Amino acid sequence: MSSQEQGSGATTSELAVRRAKLEQWRARGIEPYGGRFDVTHRSSDILRVADARTREELEEQRLSVKVAGRLVARRGHGKAGFAHILDQDGQIQLYAKSDAIGQDQYEAFELLDIGDWIGVSGYVFKTNRGEVTVHIEQLTLLGKALQPLPEKWHGLRDVETRYRRRYVDLIVNPPVREAFILRSKVIQSMRRHLDAQGFLEVETPTLHTVAAGAAAKPFRTHHNALDMPLTLRIALELHLKRLIVGGMERVYEIGRVYRNEGISTRHNPEFTMMELYAAYMDFQDIMKLTEHLIEQIAVDVRGGTDLAYDGQVVHLKTPWRRAHMVDLVREQTGVDFFALQTLAEARDAARTHGIEVLPSHGFGHIVNSFFEEKVEHTLFQPVFVYGHPVEISPLAKRSVQDPRFTDRFELFIVGREHGNAFSELSDPIDQRERFEAQLQERALGNDEAHEMDEDFVLALEYGMPPTGGLGIGVDRLVMLLADQPSIRDVLLFPLMRTQE
RNA sequence: GAGCCAUUAGCUCAGUCGGUAGAGCACCUGACUUUUAAUCAGGGUGUCGAUGGUUCGAGUCCAUCAUGGCUCACCA
């Protein structure tokens with residue numbers, strides 16, 4: 001094996017055959033990596049036009065088309081042959097006949113390999129069996145494939161190869177292509193509905209000097225010219241709220257965030273968040289906004305609100321259930337944290353129920369641990385869980401009823417968190433204290449506690465209107481709507497360890 | 001980070017008790033002018049993930065490593 005063939009997929013001989021064909025094309029005076037091609041129809045356009053006509057009508061009209069795509073199947077019959085090409089919309093059959101296109105063009109047709117990009121011009125007809133087919137009049141090689149494609153029947157199953165060579169996965173596994181088209185539609189729909197409500201889409205920095213806005217370990221990097229440490233953002237939150245201070249009353253951003261943490265079926269180091277902030281709203285308003293947004297997206301991309309997920313049915317018809325975190329914990333465990341007043345009581349309850357308590361854990365952390373351990377996985381149908389403890393919510397406004405808790409909610413669907421929202425903390429003095437409490441946690445060993453963001457506190461000192469904010473994990477929403485069990489199935493290029 | 005599982009032809013997979021590797025598709029040669037996973041005749045193209053070990057002999061047994069998957073941990 002020569003060095004340039006190292007690591008390639010195919011056997012030396014199959015590669016050699018295709019390389020030889022490359023030279024045969026050149027010998028015919030044809031450059032195998034061609035130039036532009038005027039496409040008049042996608043495969044779906046041809047099917048739509050032809051389906052509306054009978055065989056006889058098509059024969060009379062001789063509708064001319066130019067279509068391009070990747071050769072994915074071919075069946076030769078001596079001096080004639082059929083083929084299928086795949087374009088972004090799907091497949092269309094081609095028919096080549098030596099009598100009609102001449103010996104030279106027919107030899108070219110026979111020289112093609114599965115995987116080659118071609119353009120054809122011809123006319124549309126229906127075969128004896130009724131399949132809409134383009135009768136080739138002119139064949140153009142647009143791009144030679146040197147690697148063979150996986151098998152037509154079983155496709156590509158090997159999960160590792162599917163992720164590492166997503167381009168092959170997209171070619172041979174149609175449901176994969178559909179899932180990513182759906183992803184695009186989800187984001188499109190999200191934008192449309194937010195834009196319609198007067199939200200302004202903005203872009204904020206991904207290189208941050210302070211890793212705040214979420215509890216997560218950041219990626220660290222460095223700017224050479226300024227000789228300055230930087231982190232990749234772990235959230236969009238604090239910059240978007242600065243814009244609220246600046247008087248941009250409704251803003252949102254759909255963007256990548258980065259967290260230097262474990263990888264699982266629900267976590268990738270980089271993922272897509274949508275965060276929005278709306279002046280004069282509170283977390284109750286955001287609940288309504290959230291459920292309607294997701295309901296509308298589901299209708300847009302799935303045509304309804306009852307969705308199959310993992311063999312069960314999720315009902316996304318609004319309104320959704322609202323439940324206080326403490327009430328849910330009481331339902332599942334009988335422990336009523338409204339009634340417990342001291343940290344000691346909470347620790348006792350945790351010991352009784354086998355909940356681990358770390359030294360840095362306060363009352364609120366214990367409530368949260370109960371929720372995560374005992375409740376979270378039970379929440380299959382959509383539910384807004386509200387009233388998170390203040391200790392785990394350093395950016396949320398305290399609840400007027402009980403200042404140990406906040407006006408915050410998380411949205412759970414299929415046992416997973418899909419969104420996080422609150423009435424934003426706008427009191428700069430309280431905000432500074434919350435950051436300081438986070439720094440103390442950090443000192444006690446929680447390296448995911450927030451860092452102090454002095455400039456953000458300064459912004460709040462200029463005055464922020466009452467504001468409701470929301471973050472939605474876009475990847476998880478796509479997983480839900482596409483009925484995919486792993487985040488890697490909705491990320492085109494999930495992070496993989498490098499080989500060798 | 002831990003446990004379990006997987007890794008054999010380009011792809012999808014067999015491979016029994018340890019005896020020097022097989023099928024289908026793809027590919028190659030030939031036949032065939034409306035096929036549909038086209039068909040017919042012929043051809044096996046391989047560092048059995050890697051490295052050690054046990055053995056007369058290892059795809060198979062053992063150890064280590066690599067990569068991946070799942071579960072757990074982590075991750076609001």
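These figures come from a predicted structure and were not determined experimentally. Throughout, protein chains are lettered first and strands after them, A, B, ... in sequence-line order, and every chain is numbered starting at 1.
- Among B:rU71, B:rG69, B:rU33, the nucleotide with an atom closest to any side-chain atom of A:Arg488 is B:rG69.
- Rounded to whole angstrom, the span from the CZ atom of A:Arg18 across to the P atom of B:rC28 amounts to 8 Å.
- In this structure, A:Asp327 pairs ionically with A:Arg330, as a charged nitrogen and a carboxylate oxygen lie closer than 4.0 Å.
- Judged purely by distance below 3.5 Å, without hydrogens or angles, the side chains of A:His365 and A:Glu441 pair a donor atom with an acceptor atom.
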I'd like a list of close polar pairs between nucleotides 40-43 of chain B and the protein, N/O only, cut-off under 3.5 Å.
none

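- Here A:Phe337 and A:Phe371 keep their ring centres 6.0 angstrom or further from each other.
- For the strand RNA chain B, secondary-structure stems (runs of at least three Watson-Crick or G-U pairs, all distances below 3.5 Å) span B:1-7 with B:66-72, B:10-13 with B:22-25, B:27-31 with B:39-43, B:49-53 with B:61-65.
- Of all nucleotides listed (B:rC74, B:rG68, B:rA76), B:rG68 comes nearest to the side chain of A:Arg164.
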Side-chain donor-acceptor contacts of residues 484-492 of chain A below 3.5 Å, not counting sequence neighbours, with atom names and distances?
from	atom 1	to	atom 2	distance (Å)
A:Ser486	OG	A:Arg488	N	3.1
A:Asp489	OD1	A:Tyr163	OH	3.0

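- For the residue pair A:His361 and A:Leu343, the shortest heavy atom distance occurs at O-CD1, 4.0 Å.
- Of the candidates B:rC13, B:rU35, B:rG10, B:rG10 carries the atom nearest the A:Glu14 side chain, counting heavy atoms from C-beta on.
- A:Thr133 and A:Glu131 share no donor-acceptor pair across their side chains, judged by distance under 3.5 Å alone.
- One finds no side-chain N or O of A:Arg266 lying less than 4.0 angstrom from the OP1 or OP2 phosphate oxygen of B:rA76.
- In this structure, A:Leu156 reaches the sugar-phosphate backbone alone: every heavy-atom distance under 4.0 Å involves primed, P, OP1 or OP2 atoms, never a base.
- For A:Lys21 and B:rC28, the shortest distance from a side-chain N or O to OP1 or OP2 is below 4.0 Å.
- Within the 4.0 angstrom heavy-atom criterion, no nucleotide atom of any strand lies near A:Ser98.
- Sorted by first and then second residue, the pairs that involve residues 408-422 of chain A and meet salt bridge (Lys or Arg N to Asp or Glu O under 4.0 Å), not counting sequence neighbours, are A:Arg408-A:Glu410.
- The interatomic distance linking A:Glu110 (CD) with B:rC27 (P) rounds to 13 Å, in whole Å.
- The side chain of A:Lys152 places an N or O atom within less than 4.0 Å of a non-bridging phosphate oxygen (OP1 or OP2) of B:rA26.
- On a pure distance criterion of 3.5 Å, a polar donor-acceptor pair joins the side chain of A:Glu151 and the base of B:rG24.
- Mapping A:His77 and A:Ala216 onto RNA chain B by nearest heavy atom places A:His77 at the nucleotide closer to the 5' end.
- Across all strands, A:Leu149 comes closer than 4.0 Å to no nucleic acid atom at all (heavy-atom distances).
- Applying the 3.5 Å distance criterion, the base of B:rU35 shares a donor-acceptor pair with the side chain of A:Thr127.
- Here the two rings, on A:Phe422 and A:His388, have centers that are 6.0 Å apart or farther.
- By the 6.0 Å contact criterion, CD on A:Glu59 is open, its count of non-hydrogen atoms from other residues, nucleotides or ligands being 12 or less.
- Classification of A:Glu60 and A:Arg53 as a salt-bridged pair fails, no side-chain N sitting under 4.0 Å from a carboxylate O.
- In this structure, of B:rG69, B:rA76, B:rU67, it is B:rG69 that holds the atom nearest to the side chain of A:Val159.
- Atom CD in A:Gln147 sits roughly 10 Å away from atom P in B:rG10 (whole-Å rounding).
- Note on A:Asp158: only backbone sugar-phosphate atoms sit closer than 4.0 angstrom, heavy atoms only; bases stay farther off.
- Side chain A:Gln93 to base B:rU35: a donor-acceptor pair is found below 3.5 Å.
- Using modelled atom types and a 3.5 Å distance limit, the side chains of A:Gln440 and A:Glu436 yield no donor-acceptor pair.
- Checking A:Trp320, A:Tyr386, A:Phe384 one by one against A:Phe409, the ring pair (Phe, Tyr, Trp, His ring centres under 6.0 Å) holds for a single residue, A:Phe384.
- As rounded to whole Å, 12 Å separates atom C1' of B:rA38 from atom CD of A:Glu131.
- The side chain of A:Glu160 approaches B:rU67 more closely than any other nucleotide in the set B:rC74, B:rU67, B:rA76.
- When each of A:Arg408 and A:Trp153 is assigned the nucleotide of RNA chain B with its nearest heavy atom, A:Trp153 is the one assigned upstream, toward the 5' end.
- Atom pair A:Leu146:CG and B:rC27:P shows a separation of 15 Å (rounding to whole Å applied).
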Using a cut-off of under 3.5 Å, enumerate the N/O to N/O pairs linking the protein to nucleotides 1-6 of chain B.
none

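- RNA chain B is contacted by A:Arg75, A:Gly76 of residues 51-76 of chain A, taking any non-hydrogen atom closer than 4.0 Å.
- Checked for salt-bridge contact, A:Arg398 and A:Asp430 meet the test: a charged N lies under 4.0 Å from a carboxylate O.
- Atom CD in A:Glu410 sits roughly 5 Å away from atom C1' in B:rA76 (whole-Å rounding).
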